[in-house]
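The chains referred to below are lettered A, B, ... by the order of the sequence lines, with proteins before strands, and numbering in each begins at 1.
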Amino acid sequence: MDARTGSSIVDQAVRLHVQDLIAHYVDVIDQDRLEEWPDLFAETCRYLITSAESYDEGLPHGVIYADSRGMLRDRVSALREANIYEAQRYRHLVGPIWVEADSETTVRARSHFLVLRIMHTGDTMVFASGVYRDRIDISRSPYRFIERVVVTDSHKFDTLLAIPL
Amino acid sequence: MAKADQTGSPVSWPSGGVTRVPFRLYSDADQYALEHERIFKGPTWSYLCLAVEVPKAGDFLVTSVGETPVVVARTQTGELHAFVNRCAHRGALLCLKRRGNTDGITCVYHGWSYDLAGNLTGVAFERGVKRQGGMPADFSRSDHNLRKLRLTEFCGLLFGSFDADAVDFESYLGAEIAARIRRVCKGPMKVLGRTTQLLPNNWKLYFENVKDSYHASILHLFFTTFEINRLNQKGGIIVDDSGGHHVSYSIMDRAVDNADYKREALRSSKDYGLEDTSVVDGVDEFGDGIMMQILTVFPGFVLQQHLNSIAMRQLLPCGIDRSELVWTILGFADDDAAMTERRLKQANLVGPAGYISMEDGAVGGFVQRAVRGVEEDSGLLMMGGSEARSQEFRATEASVRGFWKKYRALMDA
């Protein structure tokens, strides 16, 4: 579907709700409210971090891959209780959001992101950039991600990827 | 600056053994330069890529040996070749893409062209223009081929060596290590994904880390936190005679089947436990009960099997205090959908975001930052003795000592 046509036929109210969901997503991560992060996904969902190179080649592996909200909660509890990493946080900058019709109960959305990583030492770096490719359940309020594929522009990650993108 | 000791190595060692490792080895520029000479260009074999990554005639792939850019290419007749990605004329990079398919390689700078075996096939304006200029009459193309590496294929893995005197690859590995590679690489492989981790440390700190069976249950708390009881299993380490290669493995107790593990993972006295245990839901695909096998080949290759998560890791030095870890996540061509899904889920355990490996991306940097500018002091490697031998337990640093044994044999020569 042509992106411009697709975007224009999605109801304004739907687009505002999609925007809210995406804004909420970056807020819970950047404000370190990770416990709320899984709630933005449907119970059965797909969350994948891949690179543009792998995505274009059709490779299925993700640096992080979850297909249930339970797996997302496990990711958060591992970060809180098990994994060891230096204190750090992210600042997400998300560009304009394309919303496209998908089905009666779902829409697709695409948005560009830039993530800065701020270490406890004060060192700040561009950690990742890329595209969120979403499928969103609009049948209930609040909207939830059925699928969020995080396609990073680069296949390289500095040191480690602890906090989700 | 410390003077080179009698061995010729820029950094001197406090003793002839390998239980005390000078910190300057991680930060000395002369040492780093010499490592390229004696290790990466020396009588060693470096991992290049998988044969399945260059499957068709004309396929090429750019990789590295140490910091040297290397091309692996398959000719029209199906032969594999490896050569330095550097024009014989003025030294420009030849292949500017990571992968592709081509009839031949032409340098963008002055148009010198090469076949996929690395032979010089054409020189632009070789006879000059309008009878003026051109190469001298005694110029012979065959004197100016690309710098070629020896290449060997073993179980679908391609390794290269700059040194004509390096022993053949299987002798280099030794029988035990070769058998442990064959065990995992049991059939045609399939690439599931790729990712690269930038490590803020000298390459040796990562290679030591991956050989270090002592730290595993201390730094990586995922299994213990979630009370997944895999730590008191039987296991051990194998170190080859040279010391440079190793295997660390653990065997699952067959009395405890996977359903029990699942229950164990779910059961929780502290309200920990996983909600979704599919990430640790492995099957015994090799039929020997070994659920974890980490294998290294000196100087920078890792073959990993964690449950059903299989990956190749290629360690590349990028300056004294930087390195890259190139991950290739794998399955087998005959995997069914359920097996692929299992591998993809278990891949959460490893890689830059791996539950049981993310710490390894940072811990080398902790050492690198702490040893900056240090002229004195050495690290200690006394756990499990002073030898670099195979042992039937993992509370040992024998494999790390093995690394230094091989390292010193090459560097102190």
Side-chain angles (χ1 to χ4, degrees), chain A residues 38 41 43-88 117 119-121 123 125 127-128 150 152 154-165, chain B residues 98-99 190-201 218-226 265 270-279 309 311 324-331 340-341 343-348 350-366 369:
Chain A
F41 289 80
E43 190 56 50
T44 300
C45 58
R46 185 163 175 266
Y47 176 76
L48 184 79
I49 299 179
T50 185
S51 66
E53 193 180 83
S54 288
Y55 185 84
D56 292 344
E57 205 181 323
L59 298 179
H61 166 260
V63 176
I64 295 180
Y65 167 50
D67 72 346
S68 70
R69 200 192 283 166
M71 283 183 82
L72 297 174
R73 287 206 196 94
D74 290 340
R75 185 51 78 169
V76 175
S77 43
L79 290 178
R80 296 294 196 218
E81 309 291 347
N83 288 123
I84 295 164
Y85 53 100
E86 283 183 277
Q88 55 191 272
R117 182 171 67 187
M119 301 301 294
H120 67 105
T121 54
D123 292 336
M125 72 182 302
F127 182 61
V150 185
T152 57
S154 170
H155 62 280
K156 295 186 178 180
F157 291 97
D158 182 81
T159 308
L160 54 78
L161 191 157
I163 304 166
L165 288 174
Chain B
R98 283 180 84 204
R99 285 185 295 148
K190 182 170 72 176
V191 175
L192 298 178
R194 296 184 183 90
T195 187
T196 295
Q197 199 171 355
L198 306 177
L199 303 176
N201 53 264
I218 301 167
L219 177 65
H220 308 302
L221 295 174
F222 180 77
F223 282 153
T224 38
T225 301
F226 293 104
K270 290 179 295 205
D271 266 9
Y272 289 170
L274 296 171
E275 279 194 44
D276 188 330
T277 58
S278 54
V279 71
S309 170
E324 288 191 2
L325 192 61
V326 181
W327 294 77
T328 308
I329 315 294
L330 297 162
T340 298
E341 185 66 12
R343 296 195 202 283
L344 293 174
K345 286 195 175 175
Q346 292 173 13
N348 280 296
V350 300
Y355 285 135
I356 55 168
S357 75
M358 72 167 78
E359 292 88 2
D360 294 328
V363 77
F366 298 164
R369 278 146 64 184

Donor-acceptor under 3.5 Å (A:Asn83 side chain, B:Tyr355 main chain): yes

Identify which part of A:Leu79 has an atom lying under 4.5 Å from any heavy atom of chain B, answering side chain, backbone, both or neither. side chain

Highest number of heavy-atom pairs under 4.5 Å with chain A: which of B:Ala353, B:Gly364, B:Gly354, B:Gly331? B:Ala353

Using a cut-off of under 4.5 Å on heavy-atom pairs, state which of B:Arg343, B:His220, B:Arg99, B:Lys190 scores highest against chain A. B:Arg99

Which atoms of B:Ile329 approach chain A - backbone, side chain, both or neither, heavy atom under 4.5 Å: side chain

If I take atom CE from residue A:Met71 and atom CG from residue B:Leu274, how far apart are they, to the nearest 0.5 angstrom? 9.5 Å

Check step by step if side chain to side chain contact (heavy atoms under 4.5 Å, CB included) holds for A:Tyr65 and B:Glu341. CA-CA 10 Å; A:Tyr65 167 50; B:Glu341 185 66 12; 2.4 Å; yes

Backbone of A:Ala66 reached by a side-chain donor or acceptor of B:Asn348 within 3.5 Å: no

Passes side chain to side chain contact (heavy atoms under 4.5 Å, CB included), A:Arg75 versus B:Val279? Steps please. CA-CA 11 Å; A:Arg75 185 51 78 169; B:Val279 71; over 6 Å; no

Output the option from A:Ser51, A:Ser54, A:Ser77, A:Gly58 having the highest count of non-hydrogen pairs under 4.5 Å with chain B. A:Ser77

Closest non-hydrogen atoms of A:Thr159 and B:Ala362, given as atom of the first, atom of the second and distance, are CG2-CA, 3.7 Å

Is the closest side-chain heavy-atom distance between A:Asp67 and B:Asp276 below 4.5 Å? yes

Quick one: do A:Glu57 and B:Arg98 satisfy salt bridge (charged side-chain N to carboxylate O under 4.0 Å, His left out)? Show the steps, please. CA-CA 13 Å; A:Glu57 205 181 323; B:Arg98 283 180 84 204; over 6 Å; no

Residue among A:Ser68, A:Pro164, A:Pro60 with most heavy-atom pairs under 4.5 Å to chain B: A:Pro60

Checking B:Leu325 against chain A: side chain, backbone, both or neither under 4.5 Å from a heavy atom? neither

Distance (rounded to the nearest 0.5 Å) between A:Leu160 CG and B:Glu359 CD: 8.0 Å

Could you report the tightest heavy-atom contact between B:Leu221 and A:Ala82, atom names first, then the distance? CB-O, 3.5 Å

Restricting to non-hydrogen atoms, name the atom on A:His61 and the atom on B:Ala347 that form the minimum distance, rounded to 0.1 Å. CD2-CB, 3.6 Å

Closest approach of A:Ile84 and B:Leu219, non-hydrogen atoms and distance? CD1-O, 3.2 Å

What's the shortest heavy-atom distance between B:Glu275 and A:Asp74, and which atoms? N-OD1, 2.7 Å

Shortest non-hydrogen separation from A:Leu59 to B:Arg194 and the atoms involved: CD1-NH1, 3.6 Å

